[in-house]
Number of protein chains: 2
Amino acid sequence: MATRTAAERREEERQRYNAYVATCPSRKLLDTLSDKWASLALTALAHGPLRYSELARMIAGVSQKMLTQTLRTMERDGLVSRTVTPSVPVRVDYRLTPLGENLLPLLEAIKRWAEVHMEDVEAAREAYDRRVDSQP
Amino acid sequence: MATRTAAERREEERQRYNAYVATCPSRKLLDTLSDKWASLALTALAHGPLRYSELARMIAGVSQKMLTQTLRTMERDGLVSRTVTPSVPVRVDYRLTPLGENLLPLLEAIKRWAEVHMEDVEAAREAYDRRVDSQP
DNA sequence: CGGAATCCAAAGGGATACTG
DNA sequence: CAGTATCCCTTTGGATTCCG
């Protein structure tokens, strides 16, 4: 049956990739960092704990769904901790764990590389686009 | 017209994010590195140029479409260069540019951080999952 | 050999409405 | 306030086919 075979092959490929990700720490870390809002949340929390609504305001453009999802993932990964104060209304604070703080210097390194080299990338892109545009 | 307004709002959000990405080098860099196959291609090319088919074999699990797309993007970003030898059949080699080579140490830094700390992340995940599972 | 073009399924993610 | 649940559009990416 062609359909089933194709689906199975797809599943195999997916698992091959997952297996790779599972054994490759760098890949796992990149997956975490590149989560659309994770690095933003991480740097937002760099200077102290914040409430959910404060985070939502600082990370302009994030939807409530994605903010919650991002924070959950980061909590699960041990990068942030979540503290509920059972007042009325409830108050929830997020703060970096030591592990999360440990990640900040790496983000800094990424930022530094980017600040130094991204204009070269920009220039390369423009040059590339000019080349392509001038080709019929 | 509700439909049009919703679509416009969505478009605005998208552009807000794009505007942010455009002004944030770190975010741009993370977008590049986290491209599912970019870091793999980068490290595959670390020790010298490779042909298209060689890359395809080294990066097991990548589809031809994604490999091509990744290489195009990296070429546009000035990270790799593409050389066509017009023989029959054609031969195409990819190699890192100086800019691309310059990125390798950063990948190394990411790899080192991951190797040192990802087991903490693993442990945090298991602890988190145990906590959640034991809650009805 | 090294692609480009097309098609389609699956995942991602925003909007909205509801809850403790 | 800080979420959860649902709906549904958009994007991603694999499979397949065709080309120089």
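No experiment lies behind these values; they were computed from the predicted model shown. First the proteins, then the strands, lettered A, B, ... as listed; each starts at 1.
Set against D:dT4, D:dG14, C:dA4, the side chain of B:K36 has D:dG14 as its closest nucleotide. Minimum atom distance to the side chain of A:K65 is reached by C:dG14, of the listed C:dG14, D:dT4, C:dC1. When distances run from any side-chain atom of A:W37 to the nucleotides D:dG14, C:dA4, C:dG14, the shortest one goes to C:dG14. Checking C:dG2, D:dT4, D:dG3 against every side-chain atom of B:V92, the shortest atom distance belongs to C:dG2.
Counted within 6.0 Å of CZ on A:R95, heavy atoms from surrounding residues, nucleotides or ligands total 12 or fewer; the atom is thus considered open.
The interatomic distance linking A:M66 (CE) with C:dA15 (C1') rounds to 14 Å, in whole Å. Atoms CD1 (B:I59) and P (D:dG14) sit 12 Å apart, rounded to a whole Å. Nucleotide C:dG13 holds its P atom 13 Å from the CG atom of A:L40, rounded to whole Å. Note: CD (A:Q64) to C1' (D:dT4) measures 8 Å, nearest angstrom. Distance CG (A:D31) to P (C:dG12): 11 Å, rounded to an integer number of Å. Residue A:L67 contributes atom CG, which lies 14 Å from atom C1' of C:dG14 at whole-angstrom precision. Atom pair B:Y94:OH and C:dG2:P shows a separation of 8 Å (rounding to whole Å applied). When rounded to the nearest whole Å, the span between CZ of A:R72 and P of D:dG3 equals 5 Å.
Here the side chain of B:E108 pairs no donor or acceptor atom with the backbone of B:P105 at under 3.5 angstrom.
Atom OG1 of A:T97 is separated from atom CZ of A:R82 by 15.5 Å, given to the nearest 0.5 angstrom. How far CD of A:E122 is from CG of B:D77: 8.5 Å, rounded to the nearest 0.5 Å.
A sub-4.0 Å separation between OP1 or OP2 of C:dG2 and a side-chain N or O of B:S53 is present. Under 4.0 angstrom from either OP1 or OP2 of D:dC1 there lies no side-chain N or O belonging to A:R51. A sub-4.0 Å separation between OP1 or OP2 of C:dG2 and a side-chain N or O of B:R82 is absent.
Looking only at atom types and distance, the side chain of A:Y52 has a donor-acceptor partner in the side chain of A:T68 under 3.5 Å away.
Residue B:V90 is classed as a base contact, given a heavy-atom separation below 4.0 Å to a base.
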